[in-house]
Asks: 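Below: one structure in structure tokens.
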2 protein chains.
Amino acid sequence: MSSITVLLVDDHLVVRSGLRALLGTQPDLEVVAEASTGEEALRLVRTHVPAVVVMDLAMGPGMDGIEAIKRIRDLNTGQAILVFTTYDSDADIVRAVDSGAMGYLLKDAAPEEIFAALRGAVQGRSVMSPPVASRLFQQLRNPDEVLTPREAELLSLLTEGLSNRELGRRLFISEATVKTHLAHIYAKLGVDTRAAAIATAIRREGMR
Amino acid sequence: MSSITVLLVDDHLVVRSGLRALLGTQPDLEVVAEASTGEEALRLVRTHVPAVVVMDLAMGPGMDGIEAIKRIRDLNTGQAILVFTTYDSDADIVRAVDSGAMGYLLKDAAPEEIFAALRGAVQGRSVMSPPVASRLFQQLRNPDEVLTPREAELLSLLTEGLSNRELGRRLFISEATVKTHLAHIYAKLGVDTRAAAIATAIRREGMR
DNA sequence: AGCCGTATCAGCCAAAAGGCTGAGGGACCA
DNA sequence: TGGTCCCTCAGCCTTTTGGCTGATACGGCT
């Protein structure tokens, strides 16, 4: 049985080392490359064509994880992409799934969980950490409170303190549209000011 | 020359694995134990008496990193404690130094940086990542940017999403006074909207 | 006594945000 | 084909926020 080739993407060297060490204990898993930025990840996917990409969502300046996932999917080189990150934020989960991630693991996952996710991913199975799964489950029961991908994207930028004008520029939409999205977000979060939205987003969604 | 014994404390297994793998490349550094919680760390310090403790500040439920550092120091068993964490928040740095940490490294530090910090720590030298050092340095140069107690109080409430009116009521001051305080806070934080203030407060000052 | 930092307040004006209604286009699905 | 989301945009009006200037009061330090 041939090995499952893996590309690791994380801006922290220790995390990459740790994953490499963990995966190294499994004969069928082989780390063929590591990237510390989204740009590098994209390049290495082209050159190495790994079976699976394990990706952190939070990365330094430049392309973020979500963007990197989209770009990799656009290459159509068949990678299964696993998100491997610290926070189980609603918005991040929605966006990650929307952009084509096959699974969503938290960094405190047990090794067996990680191995299983990798093996499942190449077979087309979605795997996620229990906390992530339960969040999604709860969301299915209250669909009215689920942010759409676009709303989640906007909320994420909102927590960086941008104004409506800046949000519009960043997302290439008019300020009017920004306000529409915000109104929907407020309704779903149960708040009525952007300050409260930011506060609840960061506290409740685990954003930083 | 005998090895430097190290205890790793981090709630993420991958990070511990990564550190173990990195430190394993150095003949004079020996990881003698790993802990995933503050309580466990305290126990292992007693039983293994390591020369250095490498500690993440953010840990799951229970004792946090700062508390763990204080407790370890209280044992008086002579450990040098190195903080190894993701964020260079002003509040965290101050609190870590205050509770007796010997150094402050960010997780994206280069391996050589980590090794040097460990070796320096056992010799009583303080080491910190450049970004951390520059933050401290900047604070020393610009005492103007330190919030007054009243401002800090207001900022804390601000991060809960309150409006000016609500802030006034909560603090028993007029809305005009609230606005004055806010203006000062904005100036000190280097922002010009409350949204940005909330964002930087939560991210940079470690408020949650 | 004078100075400085902190905390308190007011008024004025411009900019930003929020609430509301309405509306068009595209995707998906029954 | 019609219905339902989602994303997009506009206009109008009210409230909130932010920028500015200036003012009083108290405490501590020199």
Side-chain angles (χ1 to χ4, degrees), chain A residues 66 70 73-74 90-91 93-100 136 139-201, chain B residues 139 141-201:
Chain A
I66 299 286
K70 286 181 189 163
R73 300 243 60 203
D74 286 348
D90 288 348
I93 296 174
V94 170
R95 291 169 61 216
V97 171
D98 187 63
S99 58
L136 280 184
Q139 294 201 343
L140 286 181
R141 279 190 313 219
N142 307 19
D144 289 356
E145 295 173 11
V146 181
L147 298 180
T148 68
R150 195 56 159 170
E151 286 162 1
E153 195 178 359
L154 209 141
L155 179 57
S156 167
L157 288 176
L158 190 67
T159 64
E160 289 176 17
L162 303 185
S163 69
N164 290 349
R165 188 180 311 250
E166 292 168 322
L167 289 171
R169 264 206 278 272
R170 198 77 86 81
L171 297 175
F172 305 106
I173 58 181
S174 79
E175 216 175 315
T177 305
V178 170
K179 292 172 83 172
T180 304
H181 284 310
L182 283 182
H184 294 159
I185 291 173
Y186 295 165
K188 290 180 180 180
L189 292 186
V191 301
D192 54 2
T193 67
R194 72 171 44 213
I198 294 173
T200 58
Chain B
Q139 289 212 337
R141 272 189 323 211
N142 304 1
D144 288 355
E145 294 175 10
V146 179
L147 299 180
T148 67
R150 193 57 160 171
E151 287 161 0
E153 194 179 359
L154 208 142
L155 179 58
S156 166
L157 288 176
L158 191 68
T159 63
E160 291 177 14
L162 303 187
S163 70
N164 291 350
R165 188 179 310 245
E166 291 168 323
L167 289 171
R169 264 206 278 273
R170 197 74 87 82
L171 297 175
F172 305 105
I173 57 181
S174 79
E175 215 176 315
T177 306
V178 170
K179 291 174 78 173
T180 304
H181 284 310
L182 282 181
H184 294 159
I185 291 173
Y186 295 164
K188 291 181 180 179
L189 293 187
V191 301
D192 53 5
T193 67
R194 73 172 43 213
I198 294 172
T200 58

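In the text below, chain A, chain B and the rest are named by the order of the sequence lines, each starting its count at 1.
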Asks: Would the number of heavy atoms belonging to other residues, nucleotides or ligands and lying under 6.0 Å from CZ of Arg150(B) be above 12?
Replies: yes
Asks: Round to a whole Å and report the spacing from CG of Leu147(A) to P of dC5(D).
Replies: 16 Å
Asks: From the list dT8(C), dT8(D), dT17(D), which nucleotide is the closest neighbour of the side chain of Thr177(A)?
Replies: dT8(D)
Asks: Roughly how many Å is it from CZ in Arg150(A) to P in dA27(C), rounded to a whole number?
Replies: 15 Å
Asks: Any idea which of dA10(D), dT8(D), dG18(D) is nearest the His181(A) side chain?
Replies: dT8(D)
Asks: Using a 4.5 Å cut-off on heavy atoms from C-beta on, say whether the side chain of Tyr186(A) contacts that of Asp192(A).
Replies: no
Asks: Evaluate Leu158(B) against Leu182(B) for side chain to side chain contact (heavy atoms under 4.5 Å, CB included), listing each step before the verdict.
Replies: CA-CA 9 Å; Leu158(B) 191 68; Leu182(B) 282 181; 4.0 Å; yes
Asks: With a cut-off of less than 4.0 Å, is there a side-chain N or O of Ser174(A) near OP1 or OP2 of dC9(D)?
Replies: yes
Asks: How many whole angstroms separate atom NE2 of His184(A) from atom P of dC9(D)?
Replies: 14 Å
Asks: Looking at the side chain of Lys179(B), which of dG18(D), dA7(C), dA17(C) is the nearest nucleotide?
Replies: dG18(D)
Asks: Quick one: are Glu160(B) and Glu166(B) in side-chain contact, heavy atoms under 4.5 Å?
Replies: no
Asks: From the list dA10(D), dT8(C), dC7(D), which nucleotide is the closest neighbour of the side chain of Thr180(B)?
Replies: dT8(C)
Asks: What's the CD-P distance between Glu153(A) and dC7(D), to the nearest Å?
Replies: 9 Å
Asks: Counting side-chain heavy atoms from C-beta on, which of dG18(C), dT8(D), dG18(D) comes nearest to Arg194(B)?
Replies: dG18(D)
Asks: Return the value, rounded to whole Å, for the distance between atom CD of Glu175(B) and atom P of dC9(C).
Replies: 11 Å
Asks: Taking only side-chain nitrogens and oxygens of Arg165(B), does any of them come within less than 4.0 Å of OP1 or OP2 of dT17(D)?
Replies: no
Asks: Report yes if at least one side-chain N or O of Asn164(B) is closer than 4.0 Å to OP1 or OP2 of dT17(D); otherwise report no.
Replies: yes
Asks: When you measure from the side chain of Tyr186(B), which nucleotide among dG18(C), dG18(D), dC9(D) comes out closest?
Replies: dG18(D)
Asks: Lys188(A) NZ to dC7(D) C1': how many Å, rounded?
Replies: 12 Å
Asks: May I have the distance from Ile185(A) (atom CD1) to dC6(D) (atom P), rounded to whole angstrom?
Replies: 13 Å
Asks: What's the closest nucleotide to the Asp192(B) side chain, out of dC9(D), dC9(C), dG19(D)?
Replies: dG19(D)
Asks: Separation of Ile173(A) atom CD1 from dG25(C) atom C1', in whole Å?
Replies: 16 Å
Asks: Take Thr177(B) and Thr180(B) through the test side-chain hydrogen bond (donor to acceptor under 3.5 Å, both in side chains) and record every step on the way to the result.
Replies: CA-CA 5 Å; Thr177(B) 306; Thr180(B) 304; 5.7 Å; no
